[in-house]
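Input: a single structure, listed below in structure tokens.
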Protein chains: 2
Amino acid sequence: MIFSFLKDIVHKTRHIFLYGVAMAVLVFLLKWLQWKYLITDHSSDIYTGLIAILFTTLGVWVARQLTETKNRTIIVEKEVYLSEPADAGINEAELKRLNLTTREYEVLQLLKQGYSNAEIGERLFLSVSTIKTHVSNMFVKLDVKNRTQAVEKANRLKIIR
Amino acid sequence: MIFSFLKDIVHKTRHIFLYGVAMAVLVFLLKWLQWKYLITDHSSDIYTGLIAILFTTLGVWVARQLTETKNRTIIVEKEVYLSEPADAGINEAELKRLNLTTREYEVLQLLKQGYSNAEIGERLFLSVSTIKTHVSNMFVKLDVKNRTQAVEKANRLKIIR
DNA sequence: CGAATTTTGGTACGAAAGTATGAATCGCCT
DNA sequence: AGGCGATTCATACTTTCGTACCAAAATTCG
């Protein structure tokens, strides 16, 4: 508990610690250089130059640390075409509202394929008379006058695939 | 010509020039400080400290200049739903291949609406006989047997809106 | 079980669709 | 000028569609 608290503190202030340590090292280095070259007067320029190089390097390093999070985020909107948004889904609500019977709906699906009444009859094993009845009743419910309009409306209402 | 050449050189190396100038200014500053405080021996630490601060600042500035192009560009793809992806465009190639005449194409467009031959005739100011002719010829080109199949195929080939 | 609905099928008839054939007119191109 | 495709229209015929009216099973549901 207390350890994790201290650990957190250390983690958050590690940069400051690093700067402090680096500064201390440099100060010791400076003092050492001072003692070593203080004897010869001619070396004061070299001493100054070394200090300049050292602290320039330090400055660069410090700046690097400070600017590491200086990233600029550029968001580019890219248009992505989606194959078919909401095409697969059929309008269940509308389909229920129309109150079509199962057979009428089956006939409607075959109607869309362009089959004649006789062909539909063959596929459903029904007589042409029966198909005619279903078709006619369906037209009333869809409020259309012929099969082409029925298919057109079914497509528009998305009650068929 | 020569001027623009020199201008280009200057432009590309302006950072180096700036660094040089800054360095010269600092050297003069150092010499001035050296003359001013060299009299008193106790000021050598202050002198060193000032040099350290100056060059640290210089280092930070240099680093800033070097990392100015450190921007990270993040491209985010954003999905944009387009009203109707490829619906507006009709298949011109297929339409041309079918070799429909102008009248046949007009009839086809009205056929899709579920109009009867008589209604199409009224809208195009033509007799029912003419409409029948166009419709029948069109069926051959589309390779279909009735109007419902014609509309279905036209929709599938996207040769009509 | 009984009523309502759905499904199936039939007949009849008119309307519309579709096919086949022929023909006149028009615009365009060589 | 002649050829050609497109357009227009007509007639005749067959097929399909669509409606109306009816009715017997089958199914669903309270």
Side-chain angles (χ1 to χ4, degrees), chain A residues 90-157 159-160, chain B residues 90-157 159-160:
Chain A
I90 58 176
N91 195 340
E92 298 286 353
E94 196 69 31
L95 189 55
K96 192 176 179 181
R97 193 186 65 79
L98 288 170
N99 209 31
L100 294 176
T101 68
T102 305
R103 277 307 205 195
E104 285 165 358
Y105 188 62
E106 287 176 337
V107 170
L108 176 58
Q109 288 178 320
L110 292 173
L111 219 61
K112 182 192 154 73
Q113 314 299 319
Y115 292 129
S116 68
N117 290 337
E119 290 170 326
I120 295 174
E122 288 175 15
R123 275 162 184 75
L124 297 181
F125 305 104
L126 297 176
S127 73
V128 178
S129 299
T130 307
I131 304 302
K132 281 188 178 183
T133 304
H134 291 321
V135 168
S136 200
N137 291 333
M138 186 189 62
F139 285 175
V140 174
K141 292 180 182 177
L142 280 176
D143 189 30
V144 296
K145 291 215 295 281
N146 56 58
R147 50 184 60 215
T148 308
Q149 285 181 6
V151 172
E152 212 281 319
K153 190 156 191 174
N155 281 328
R156 189 154 40 80
L157 295 180
I159 61 175
I160 214 168
Chain B
I90 58 177
N91 195 338
E92 300 285 353
E94 196 68 30
L95 190 54
K96 191 174 181 181
R97 192 187 64 80
L98 287 171
N99 208 31
L100 294 177
T101 68
T102 306
R103 277 308 204 193
E104 286 164 358
Y105 188 62
E106 287 175 337
V107 171
L108 176 59
Q109 288 178 318
L110 292 173
L111 220 60
K112 183 192 154 73
Q113 314 301 317
Y115 292 130
S116 68
N117 290 337
E119 289 170 327
I120 296 173
E122 288 174 15
R123 276 163 182 75
L124 298 180
F125 304 103
L126 298 175
S127 72
V128 177
S129 299
T130 306
I131 304 300
K132 282 188 177 183
T133 303
H134 290 320
V135 168
S136 198
N137 292 332
M138 185 187 63
F139 286 174
V140 175
K141 292 180 182 178
L142 280 176
D143 189 31
V144 294
K145 290 215 293 284
N146 56 57
R147 51 185 58 213
T148 308
Q149 284 182 5
V151 172
E152 212 283 319
K153 190 156 191 173
N155 281 327
R156 188 155 40 80
L157 295 180
I159 61 175
I160 211 169

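Chain letters run A, B, ... following the sequence lines, proteins first and then strands; every chain starts at 1. Computation of the quantities below employed the complete heavy-atom set of this structure, encompassing side-chain atoms and omitting hydrogens, waters and symmetry-equivalent molecules.
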Just the atom pairs and distances: protein N or O near nucleotides 27-30 of chain D's N or O, under 3.5 Å.
none

With [X], which residues qualify under side-chain hydrogen bond (donor to acceptor under 3.5 Å, both in side chains), at least two apart?
| X | value |
| --- | --- |
| A:Gln109 | none |
| A:Gln113 | none |
| B:Ser129 | none |
| A:Asn91 | none |

Five-pair end axes of the helix from C:dC1-D:dG30 to C:dT30-D:dA1, angle between them (10°): 50°
CA sep, side-chain torsions, deciding dist, call: B:Tyr105, B:Met138, side-chain contact (heavy atoms from CB on, under 4.5 Å): CA-CA 8 Å; B:Tyr105 188 62; B:Met138 185 187 63; over 6 Å; no
Closer than 4.0 Å, any side-chain N/O of [X] to the OP1 or OP2 of [N]?
| X | N | answer |
| --- | --- | --- |
| B:His134 | D:dT7 | no |
| B:Thr130 | D:dT8 | no |
| A:Ser127 | C:dG10 | yes |

Nucleotides 16-28 of chain C: protein proximity per nucleotide (B base, S sugar-phosphate only, - neither; heavy atom, under 4.0 Å): -BBS---------
Salt bridge (charged side-chain N to carboxylate O under 4.0 Å, His left out) contacts in which one or both residues fall within residues 121-142 of chain A, not counting sequence neighbours: A:Glu104-A:Lys141
Test item: B:Arg147 side-chain N/O and B:Tyr115 main-chain N/O as donor-acceptor pair under 3.5 Å: yes
B:Met138 CE to D:dG5 P, straight-line distance once rounded to whole Å: 21 Å
Interatomic distance where CG belongs to A:Leu124 and P belongs to C:dT8 [whole Å]: 8 Å
Residues that A:Glu119 engages under salt bridge (charged side-chain N to carboxylate O under 4.0 Å, His left out), provided they are two or more places apart: none
Over all atoms of both residues, closest heavy-atom pair of A:Ala150 and A:Leu142: CB-CD1, 4.0 Å
Partners passing side chain to side chain contact (heavy atoms under 4.5 Å, CB included) against B:Thr133 (at least two apart in sequence or in another chain): B:Asn137
Side chain to side chain contact (heavy atoms under 4.5 Å, CB included) partners for A:Glu106, two or more places apart: A:Thr102, A:Arg103, A:Leu124
Salt bridge present between B:Arg156 and B:Glu152 (N-O < 4.0 angstrom): yes
B:Leu110 side chain reached by B:Ile131 side chain, heavy atoms, under 4.5 Å: no
Pick out the pairs of N or O atoms, protein on one side and nucleotides 3-6 of chain C on the other, that lie under 3.5 Å.
none

